[in-house]
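Just below is one structure, and these are the notes that go with it.
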Amino acid sequence: MTRKISLTGLGLRITRSLVEMLGGEIEVSSILSEGSTFSFTLPVSENADQQK
């Protein structure tokens, strides 16, 4: 087999899908030659305190 398989970005795709399915948003901040920072927000249920 000479075919290469690239999985680059697969984790980000999965994370993005999960965050969006939960009603959240994902953001990226990137600086050339320094790297990237990913962050996400998820909504909180109104009765979150009652579930504890």
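Taking 4.5 Å as the limit, every side-chain heavy atom of Arg16 sits out of range of all side-chain heavy atoms of Val19.
Under the 4.5 Å side-chain heavy-atom criterion for Ile, Leu, Val, Met, Phe, Trp and Tyr, Leu12 and Ile31 are members of distinct hydrophobic clusters. Connection of Leu42 to Phe38 is established within a shared hydrophobic cluster, with ILVMFWY side chains joined at heavy-atom distances below 4.5 Å, either directly or through further cluster members. Tracing side-chain contacts under 4.5 Å through hydrophobic residues (I, L, V, M, F, W, Y), one never reaches Leu10 starting from Phe40; they form parts of separate clusters.
When the shell of 6.0 Å around CD of Glu25 is examined, it contains 12 or fewer heavy atoms from other residues, nucleotides or ligands.
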